[in-house]
Visitor: 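Here it is, the structure, as structure tokens.
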Amino acid sequence: MADAGADPFTRFPSLPTDGYATHEVMNQATPLTGHNAFTGDRLLTEIAAREPVGWAAALLAEAGRTVASAHVAALARDANRYAPELRTHDRFGHRIDEIAFHPAWHELMSLAIGHGTHSLAWTAGRPSAHVARGILSYLWNQGESGICCPLGMTYSAIPALRLQPELAAVWEPFIVSTRYDATSAPMQRKTGGTVGMTLTEKQAGSDLRATQTTARPAGPRRGPGEAYIIDGHKWFFSAPQSDLFVTLARTDRGLSCFLLPGWLADGTRNRLLIQRLKDKCGNRSNASSEIEYLGALGWLVGEEGQGIKVALAMTHLTRLDFAIGSAGLMRRALSEAIHHVTSRRAFQKRLIDQPLMQNVVADLALEVEAATLLAFRLARAVDDEQAGDSDAGLLARIGTPVGKFWNCKRAVSVVHEAMECHGGNGFIEDGPMARLYREAPLNGIWEGSGNVIALDVLRAAARSPHSVPVFIEEVRKAKGGDKRLDRMTERLQDELSAPQEHEARARRLVERMAIALQASLLIRQSPPALADAFCATRLGGDGGSVYGSLPAGLDQRAIVERARLTGAAGARDA
């Protein structure tokens with residue numbers, strides 16, 4: 001008879017030392033972390049060498065290590081799982097309108113702002129500063145796209161702010177600071193801040209001229225830099241936790257642009273009431289809201305009645321950032337796909353060695369390289385424009401909406417196909433692909449959806465007629481490199497010379513402009529195998545309507561290997 005006082009667990013046999021394991025886990029990929037998303041990306045390092053941005057090499061390498069770390073992967077997951085919450089009142093009934101974020105959001109913001117992702121273009125004082133900042137944006141869109149909204153708006157706000165030098169003198173040092181401060185408080189109590197933007201209203205959407213928000217002078221004087229009282233409702237108010245906001249309102253002299261602080265100098269909240277947060281399809285870590293101005297205080301920027309013109313100084317750069325960010329999102333999806341299909345085996349071969357899978361991945365790699373080259377050519381145009389090159393300014397004016405339109409459109413199909421490469425593993429929330437998939441459509445909607453952007457290309461051609469020959473000349477820098485591109489360039493020039501036929505087919509025209517410029521850049525800057533494959537499938541009619549339709553005779557393995565990240569961790573069972 002057992003001793004009644006003995007430990008009952010001593011009567012059970014010992015369990016195996018491998019704990020709860022019921023079987024050996026094989027044929028699975030490891031998480032794609034621990035590499036360097038900058039130094040391990042051949043194309044990105046080539047762009048950095050060509051532009052050149054060697055002065056930022058250490059910073060870019062640090063950002064590349066950070067965004068590809070397991071730590072940032074965990075932060076991104078938490079920031080999206082625990083979405084921001086609106087707290088309109090404190091427990092005593094005081095109106096506070098604060099956004100509660102998971103700590104992961106604030107850490108991500110601190111890391112990215114510490115790299116100068118929002119400000120490097122304005123603070124570096126070096127050549128190719130917009131390209132260098134663009135690389136930071138490209139990298140952080142691979143880490144967590146949600147934080148890139150406030151970062152991009154802060155970056156793009158500087159030209160609008162500088163239209164009013166006395167305001168820029170106060171605010172610019174604050175918003176270019178690399179010391180992130182999550183405190184909800186006036187500027188005077190913080191180490192740095194961010195900028196939000198709100199233009200659209202319920203009844204108007206993209207039709208900004210239908211704005212009903214009103215502004216009236218706060219004092220006897222009126223004019224640029226003066227205070228105004230603003231009343232109205234904004235339907236999409238991005239990053240309501242920001243410190244400064246760009247908004248449109250109508251005065252008796254027309255639609256005008258204003259800067260509104262979140263807090264006033266006396267330490268009180270500005271009269272900007274957050275009504276609710278938007279429950280979005282993706283981009284869930286970032287807060288977007290609907291707000292009401294009830295006598296909010298703001299400063300006029302530029303002349304009354306010139307609000308859209310002033311706002312365009314900002315939206316031009318946000319559109320550039322969307323072209324760059326969409327390319328970065330595609331790059332992350334491609335990297336995940338290559339890593340997965342290299343790690344997994346089926347039918348006695350690695351998936352990447354299966355001819356059809358290799359075709360799919362090579363086709364995706366073509367798309368990503370073309371999108372990346374397009375985005376950074378436009379970033380260089382902005383740098384050249386600021387250095388005094390007027391033709392570069394025209395190329396940026398007409399090319400930026402082209403790049404925004406096309407890269408944002410292609411991001412959706414690229415991310416979807418990359419997810420499909422994973423099979424069921426790509427469709428679950430444990431990995432990053434589901435989050436990337438929800439994120440992919442956003443940039444094509446924000447700052448003007450497809451029709452608005454395509455029509456903006458036509459407006460650029462009409463208002464700056466010389467921009468068309470500048471664009472064609474840029475494409476023709478690859479003349480003689482491929483007869484298919486030469487023929488397409490001639491047709492494109494003819495199409496652009498018939499503006500009376502443009503509007504109904506604006507999307508098709510902008511698509512052809514994007515593909516022609518991408519082909520030209522590939523011919524000039526990429527290995528011949530990539531340029532030939534792109535021209536054959538995108539210009540020569542030898543491709544399909546889905547990825548994985550590359551024709552025989554192309555060096556698909558070389559295309560895939562060029563896109564493979566160096567230094568990435570291997571698979572458990574490769």
Side-chain angles (χ1 to χ4, degrees), residues 95 97 153-154 156-172 174-175 186-187 193-275 288-316 318 447-448:
R95 182 104 194 192
D97 278 357
M153 289 189 296
T154 304
S156 65
I158 296 297
L161 185 61
R162 286 180 176 176
L163 292 173
Q164 217 55 55
E166 67 274 26
L167 297 181
V170 174
W171 282 98
E172 186 171 332
F174 176 68
I175 63 177
M187 175 186 71
T194 57
V195 180
M197 182 167 58
T198 174
L199 304 179
T200 60
E201 299 183 2
K202 286 181 183 178
Q203 79 290 343
S206 298
D207 184 7
L208 299 180
R209 296 191 184 279
T211 294
Q212 295 181 359
T213 297
T214 61
R216 65 186 188 277
R221 293 193 301 162
R222 62 191 299 167
E226 293 298 326
Y228 282 66
I229 303 298
I230 300 174
D231 294 280
H233 180 276
K234 294 295 180 180
W235 185 229
F236 265 90
F237 191 92
S238 298
Q241 74 279 4
S242 300
D243 301 273
L244 186 67
F245 303 95
V246 178
T247 195
L248 291 176
R250 187 172 298 282
T251 71
D252 56 10
R253 297 179 184 177
L255 193 59
S256 306
C257 188
F258 297 88
L259 291 175
L260 282 82
W263 290 77
L264 301 178
D266 63 3
T268 61
R269 278 282 198 183
N270 205 350
R271 294 185 62 81
L272 185 159
L273 280 64
I274 303 174
Q275 302 301 326
S288 300
S289 65
E290 187 176 339
I291 64 97
E292 198 88 31
Y293 297 133
L294 291 177
L297 184 66
W299 298 292
L300 177 66
V301 179
E303 298 293 333
E304 282 190 68
Q306 299 297 314
I308 291 180
K309 181 179 179 181
V310 174
L312 282 175
M314 182 173 180
T315 58
H316 177 67
T318 55
E447 289 298 349

Visitor: Partners of Glu226 by salt bridge (charged side-chain N to carboxylate O under 4.0 Å, His left out), sequence neighbours excluded?
Guide: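 Expected list: Arg221.
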Visitor: For residues 298-312, please give each side-chain donor-acceptor pair under 3.5 Å, one per line with the distance, not counting sequence neighbours.
Guide:
from	atom 1	to	atom 2	distance (Å)
Glu304	OE1	Arg222	NH2	2.9
Glu304	OE1	Thr251	OG1	2.5
Glu304	OE2	Arg222	NE	2.9
Glu304	OE2	Arg222	NH2	3.1
Glu304	OE2	Tyr228	OH	2.9

Visitor: About how many Å separate CG of Leu161 and CG of Leu167, when rounded to the nearest 0.5 Å?
Guide: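 Interatomic distance, Leu167 CG to Leu161 CG, rounded to 0.5 Å: 6.5 Å.
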Visitor: Quick one: pull up CG in Leu259 and OG1 in Thr247 and give me the separation to the nearest 0.5 Å.
Guide: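 Answer rounded to 0.5 Å: 10.0 Å.
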Visitor: Would you tell me whether Thr213 and Glu201 have side-chain atoms, one donor and one acceptor, within less than 3.5 Å of each other?
Guide: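 The answer is yes; a qualifying pair exists.
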Visitor: Closest approach of Met187 and Val170, non-hydrogen atoms and distance?
Guide: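 Scanning both residues, the minimum pair turns out to be CE-CG1, 3.7 Å.
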Visitor: For a quick test of reading the model, state the closest non-hydrogen atom pair linking Pro186 to Gly267 and the distance between them.
Guide: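 Distance-wise, the nearest heavy atoms are CG-CA, 3.6 Å.
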Visitor: How are the rings of Phe174 and Trp171 set relative to one another: parallel (under 30°), tilted (30 to 60°) or perpendicular (over 60°)?
Guide: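 It falls in the perpendicular class, over 60°.
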Visitor: Do Ile158 and Met314 make a side-chain contact, defined as non-hydrogen atoms from C-beta onward lying under 4.5 Å apart?
Guide: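 No; the side chains remain at least 4.5 Å from each other.
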Visitor: Would you check, one step at a time, whether the test side-chain contact (heavy atoms from CB on, under 4.5 Å) holds for Arg95 with Leu273?
Guide: CA-CA 9 Å; Arg95 182 104 194 192; Leu273 280 64; 3.6 Å; yes
Visitor: Working to the nearest 0.5 angstrom, can you tell me the gap between Ile230 CD1 and Tyr293 OH?
Guide: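 Answer rounded to 0.5 Å: 6.5 Å.
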Visitor: Among all residues two or more places apart in sequence or in another chain, which pass the side-chain contact (heavy atoms from CB on, under 4.5 Å) test with Leu264?
Guide: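 Only Pro261, Asp266, Thr268, Asn270, Leu297 meet the side-chain contact (heavy atoms from CB on, under 4.5 Å) criterion with Leu264.
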Visitor: Suppose we screen for side-chain hydrogen bond (donor to acceptor under 3.5 Å, both in side chains). Which residues come up paired with Ser156, at least two apart in sequence or across chains?
Guide: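 Not a single residue meets the side-chain hydrogen bond (donor to acceptor under 3.5 Å, both in side chains) criterion with Ser156.
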Visitor: Please round to the nearest 0.5 Å and tell me the distance separating atom CZ of Arg269 and atom CG of Asp97.
Guide: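 That separation rounds to 6.5 Å.
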Visitor: State the CD1-OG1 distance between Ile175 and Thr194, to the nearest 0.5 angstrom.
Guide: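 Taking CD1 in Ile175 and OG1 in Thr194, the distance rounds to 9.0 Å.
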Visitor: Would you check if Thr315 and Glu447 make a side-chain contact, meaning some heavy-atom pair closer than 4.5 Å?
Guide: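 Of all side-chain heavy-atom pairs linking Glu447 with Thr315, at least one is under 4.5 Å.
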Visitor: Taking only residues two or more places apart in sequence or in another chain, which ones pass salt bridge (charged side-chain N to carboxylate O under 4.0 Å, His left out) with Glu290?
Guide: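 With sequence neighbours excluded, Glu290 shows a salt bridge (charged side-chain N to carboxylate O under 4.0 Å, His left out) to Lys202, Arg276, Lys278, given in chain and number order.
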Visitor: Looking only at non-hydrogen atoms, find the nearest pair between Leu248 and Lys234 and report the distance.
Guide: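 That closest heavy-atom pairing would be O-NZ, 2.8 Å.
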Visitor: Does the ring centre of Phe258 sit less than 6.0 Å away from the ring centre of Phe245?
Guide: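 That pair fails the under 6.0 Å test.
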Visitor: Can Arg271 and Asp231 be counted as an ion pair, charged N to O under 4.0 angstrom?
Guide: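 No, Arg271 and Asp231 are not salt-bridged.
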Visitor: Would you confirm whether Arg250, through its side chain, and Thr211, through its main-chain N or O, come within 3.5 Å as a donor-acceptor pair?
Guide: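 Yes.
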Visitor: With rounding to the nearest 0.5 Å, note down the distance linking OG in Ser238 to CE in Met153.
Guide: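 If we round to the nearest 0.5 Å, Ser238:OG and Met153:CE are 4.5 Å apart.
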Visitor: Which residues pass the salt bridge (charged side-chain N to carboxylate O under 4.0 Å, His left out) test with Arg209, not counting sequence neighbours?
Guide: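 Testing Arg209 for salt bridge (charged side-chain N to carboxylate O under 4.0 Å, His left out), a comparison that skips the adjacent residues, returns none.
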Visitor: Any side-chain heavy-atom pair from Phe237 and Ile274 closer than 4.5 angstrom?
Guide: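 Of all side-chain heavy-atom pairs linking Ile274 with Phe237, none is under 4.5 Å.
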